[in-house]
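Residue indices begin at 1 and follow the sequence shown. Since the structure is predicted, the reported quantities are computational estimates derived from the model, not experimental observations.
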Amino acid sequence: MAAEADNGTYIESFCLKTRNPDRMVRQRALKDFEANFLPNASGSECARIFDESYLDILRCYSDRFESVRILAITAVDTLLERLPLNEYYLGYIVPVLAKRIGQAEIIEESEELRLQLLEQLGRLVVKFSVSDGQNGDPLLKVFDDIVDILIKTLRDPFPAAQKKSCELVLTVAGATPSLHYRAEALVGPTKSVLGHRHAANRIAAVEALGELSLHIFSNGDRVSEIIMAISPLLMDDVPFVRRACGRAGCLMLVKLRDRYSFFHRLLPLVLNCLTDETADVRDDIDCRWKAAGELYYRENETELAKVALIEKLPVGYPVDRYTRPTLACRAIVQRSLRVVNLVLHEMEEWKEDIRLHATKLLKQIVLHAERAFSTLFLEVNPVLAKSCMDSEKSIVSEALNVCELMGILLDYETWSKHVLAEFRKFPSIGQLRCMRTLFAHAVQGEEKLKDLKKFAALLLDPDVCHNLKEAYQLELLEFCSILAVEGKSRELSAALEEITVSEQDTVEQQTLERTLYTVTLKVVAFCYEERETIRERGLAVLRQLDNDIDKLHEHHLASVLGNIDHLESENSDASTNILLLCGIVSTCGFQESYLETLRKTIAKALTNAAPEGKVKLFSAISVAMLSWGVKNKQPTDAQIGLLKPFVEELIAPYLVWSAGRSAESIRAMATACFASMSQGVTVEVYTPLLTGYLNVLAGLIDDNNIATRAYTLKALVRLGEGLDVELLKVIAFPILSRLDDPSSEVRELAAICLGRLKLNKCSTAEETATESVDSALHRWQEILKQILPVMFLHLENPEIKLRKAIVASLQRLYLDNRELVTSLANMSNIKEDNFTFEIK
């Protein structure tokens with residue numbers, strides 16, 4: 001009794017001290033109360049102490065000094081640890097907490113104290129949580145105050161208080177069955193934390209929202225709102241935030257009321273995490289996803305057990321890249337394919353990260369849905385084709401992965417006809433990539449092999465293969481390569497020849513090899529001047545058809561040339577048909593098997609083309625002439641027979657002078673063809689051809705155009721075994737006059753050509769009956785007497801290259817005309833050593 005009297009006296013004194021106006025007195029009283037008095041009190045004594053002192057202690061919660069408020073809160077915490085489980089205490093403490101931190105305005109200014117009060121509330125909730133269903137719900141009477149506090153503190157500017165509030169939501173959810181009464185009121189404040197800069201706060205908010213969704217019974221829109229609020233965090237930079245989103249999705253898949261109705265909204269939360277770049281996130285969510293599938297299997301075992309007995313792994317399944325989802329997980333996705341509409345919408349968003357995540361999600365849906373996805377192909381294909389030509393390479397890569405999976409998992413007949421029809425309407429690079437990937441990974445079957453020529457004929461359409469964009473051309477070549485590999489099967493080659501190419505009357509019935517050759521050649525032809533990568537890739541595709549590319553040209557080029565349209569029009573150098581023809585000429589060169597067809601085609605084009613188009617055609621001819629000797633190994637007479645009509649019809653008419661700048665450019669490029677022949681054709685073939693045009697070329701040596709003069713001299717550099725004296729006379733003096741040309745290149749070429757002038761004594765003896773060889777030689781030396789002094793004169797030219805060229809030419813002339821050259825050199829005071837040895 002004496003001890004109780006002493007305790008009573010102490011409590012009375014303590015209460016008086018807490019009311020003392022002196023802060024130090026109040027502080028000392030609270031410190032002593034917590035440190036010395038409470039540790040010695042029993043549980044029953046603590047209850048009595050609370051009854052006698054709670055008014056004074058709780059009054060200190062609003063003390064104007066922060067130190068006093070802190071001591072009051074810690075004293076109550078210590079007291080609460082010893083109080084018995086009686087909901088009576090909640091009615092006094094929680095309302096005080098609500099007044100301090102649950103008001104519309106901020107009453108408690110100290111951030112640390114607000115956090116301390118929240119922690120005290122959390123201890124109260126844990127202490128009076130429902131442990132069994134027999135004693136009712138102790139928190140029910142103060143539940144509104146608790147919710148009001150959380151509504152306020154979830155928006156607290158102090159990050160730690162926000163995080164603690166989210167954790168309190170989880171604590172309350174586990175402590176009372178009454179959360180469903182006001183769960184919706186907490187959704188909005190909790191959502192506001194999702195945008196916090198601290199990852200820990202975002203994680204806590206996601207977990208709190210996931211828990212709140214389980215306690216919203218009658219408002220499906222609110223649950224949808226929660227899911228939509230969480231979804232953007234699937235793209236968060238912090239892996240643990242993404243993992244929290246996946247965990248929330250799995251939690252709702254397992255525990256959400258009426259969860260079957262929300263499967264299509266919950267799947268993005270889960271499936272996106274299965275493709276996360278962080279292994280920990282993938283593994284964690286994969287485990288939970290399988291658990292959700294197991295629950296679904298137990299709930300639908302009758303139906304799924306029958307499916308499990310008959311299902312097999314699809315043929316060609318990429319087991320090296322993907323693990324096949326469990327039957328139950330696939331079943332969840334297959335019954336929730338409404339989600340695809342949401343995914344397609346996000347795949348067309350303007351933000352790259354949203355498009356990327358949506359495309360990854362679509363891949364997971366296809367992986368889970370397998371054949372059930374076939375019904376959605378018509379809706380997905382246009383959007384997927386658009387993703388296949390996205391500016392972001394990672395999105396294109398993911399979209400192609402989706403196409404690959406669809407090719408493997410969907411029936412070929414499901415998509416093939418639709419893809420063919422869509423590509424005819426919209427031949428975009430996206431559709432081409434999509435179609436190519438689908439076809440490449442489709443399971444080998446009779447229908448696929450029968451459609452080889454349909455796909456090849458589709459690529460042959462001018463709207464498709466006449467596209468000049470580099471990326472598009474590469475895709476065409478890739479598709480041709482795939483078709484070539486598929487068509488290589490010897491067992492099916494005979495059958496393939498009997499298949500109709502296309503239902504369109506405009507497409508020729510032709511072999512698969514010819515179709516693929518035509519498409520590939522056109523692509524290579526369009527980039528003959530540039531894009532080395534495409535050219536090399538195209539030649540590699542042609543080698544897939546036949547290692548001997550010249551043999552392919554021999555068999556199929558005439559057909560390709562015959563199908564080039566609109567050559568009767570006035571085509572410019574930018575015309576598709578001119579570009580194609582020039583590319584074919586440059587790429588294929590000239591072979592006997594198709595030379596006649598090629599000559600007629602070029603003649604038609606030259607007759608009608610605009611001046612720019614003619615220039616481009618002659619440029620292509622000059623390039624092709626460089627490889628004449630490589631592709632033609634016939635006897636000399638046969639080669640002359642092939643070249644002579646070609647030159648007479650196509651080149652010679654354009655050597656004749658006519659006025660105008662356009663005519664000047666055409667004349668220059670026609671002359672360039674002779675310059676190329678001088679390098680690509682053997683001397684034995686070239687010299688007889690050249691002699692017939694020496695009179696024309698002699699006039700072109702004095703042409704106004706520098707390029708024409710240069711090309712003419714290049715054409716005269718290779719004169720073979722020499723010419724008769726009359727022909728030498730025709731060209732010698734025009735060449736000599738070019739030593740004073742304004743162009744250094746022309747001057748040097750003229751100097752070189754002078755050294756190539758040589759009398760053909762054998763030809764003179766055979767062809768000239770009335771004139772002896774000596775007479776021809778005498779006439780030639782008379783010509784040299786006029787040429788050599790001029791050459792000696794130019795030895796004093798300051799140009800080193802010109803002097804070297806003249807010395808080299810003098811050395812050549814000296815070999816056949818030693819006495820004449822020596823005497824003329826002496827007359828010009830030129831020492832013989834100056835031109836018999838190289839200038840040092």
Candidate pair Leu581 and Leu561, rule side-chain contact (heavy atoms from CB on, under 4.5 Å), full reasoning
CA-CA 8 Å; Leu581 181 57; Leu561 293 171; 4.0 Å; yes

Could you report the tightest heavy-atom contact between Pro427 and Val464, atom names first, then the distance?
CB-CG2, 3.9 Å

Test salt bridge (charged side-chain N to carboxylate O under 4.0 Å, His left out) on Glu478 and Arg433 and set out the steps.
CA-CA 9 Å; Glu478 289 299 324; Arg433 283 174 176 162; over 6 Å; no

Can you find a heavy atom in the side chain of His556 that is under 4.5 Å from one in the side chain of Leu516?
no

Please report the interatomic distance CD(Gln679) to NZ(Lys714), rounded to the nearest 0.5 Å.
7.5 Å

Do you know which of Leu642, Leu598, Asp550 makes side chain to side chain contact (heavy atoms under 4.5 Å, CB included) with Gln591?
Asp550

In short, Ala525 meets Ile584 closest at the heavy-atom pair CB-N, 3.6 Å

Students often mix this up, so state it plainly: with edges at 30° and 60°, are the rings of Phe479 and Phe455 parallel, tilted or perpendicular?
tilted

Heavy-atom distance under 4.5 Å between the side chains of Pro611 and Ile666, does that happen here?
yes

Taking side chain to side chain donor-acceptor pair (under 3.5 Å) as the criterion, tell me which of His553, Lys522, His555 meets it with Tyr517.
His553

Please verify the inter-ring angle class for Trp628 with Phe590; under 30° counts as parallel, over 60° as perpendicular, anything in between as tilted.
tilted

Residue Lys631 excluded, over 12 heavy atoms near NZ under 6.0 Å:
yes

Do Glu664 and Thr708 have side-chain N/O donor and acceptor atoms under 3.5 Å apart?
no

Nearest 0.5 angstrom please: Thr636 OG1 to Gln634 CD, how far?
10.0 Å

Closest heavy-atom pair and its distance - Leu458, Met435
CD2-SD, 3.9 Å

Quick one, Leu689 and Val681 - any side-chain contact, counting heavy atoms below 4.5 Å?
no

Side-chain ion pair, Arg779 and Glu726, N-O less than 4.0 Å
yes

Parallel, tilted or perpendicular: which fits the ring planes of Phe526 and His466, with parallel below 30° and perpendicular above 60°?
perpendicular

In short, Met389 meets Ile429 closest at the heavy-atom pair CB-CG2, 3.6 Å

Between Ser481 and Arg537, is any side-chain donor less than 3.5 angstrom from a side-chain acceptor?
yes

Looking only at non-hydrogen atoms, find the nearest pair between Asn563 and Ser559 and report the distance.
ND2-O, 3.0 Å

So, the side chain of Ser627 versus the backbone of Val630: is there a donor-acceptor pair under 3.5 Å, distance only?
no

Tell me, with the steps shown, if Leu567 and Asn608 meet side-chain contact (heavy atoms from CB on, under 4.5 Å).
CA-CA 7 Å; Leu567 291 179; Asn608 301 288; 5.8 Å; no

Is there side-chain contact between Ser743 and Leu749, with heavy atoms separated by less than 4.5 Å?
no

Donor-acceptor pair, side chain of Arg803 and main chain of Pro798, under 3.5 angstrom
yes

Taking the side chain from Arg709 and the backbone from Asn704, do they hold a donor-acceptor pair closer than 3.5 Å?
yes

Between Thr691 (side chain) and Pro688 (backbone), is there a donor-acceptor pair under 3.5 Å?
yes

Can you check whether Ile602 reaches Val585 side chain to side chain, under 4.5 Å on heavy atoms?
yes

Closest non-hydrogen contact found for Ala663 with Ser658 is CB-OG, 3.1 Å

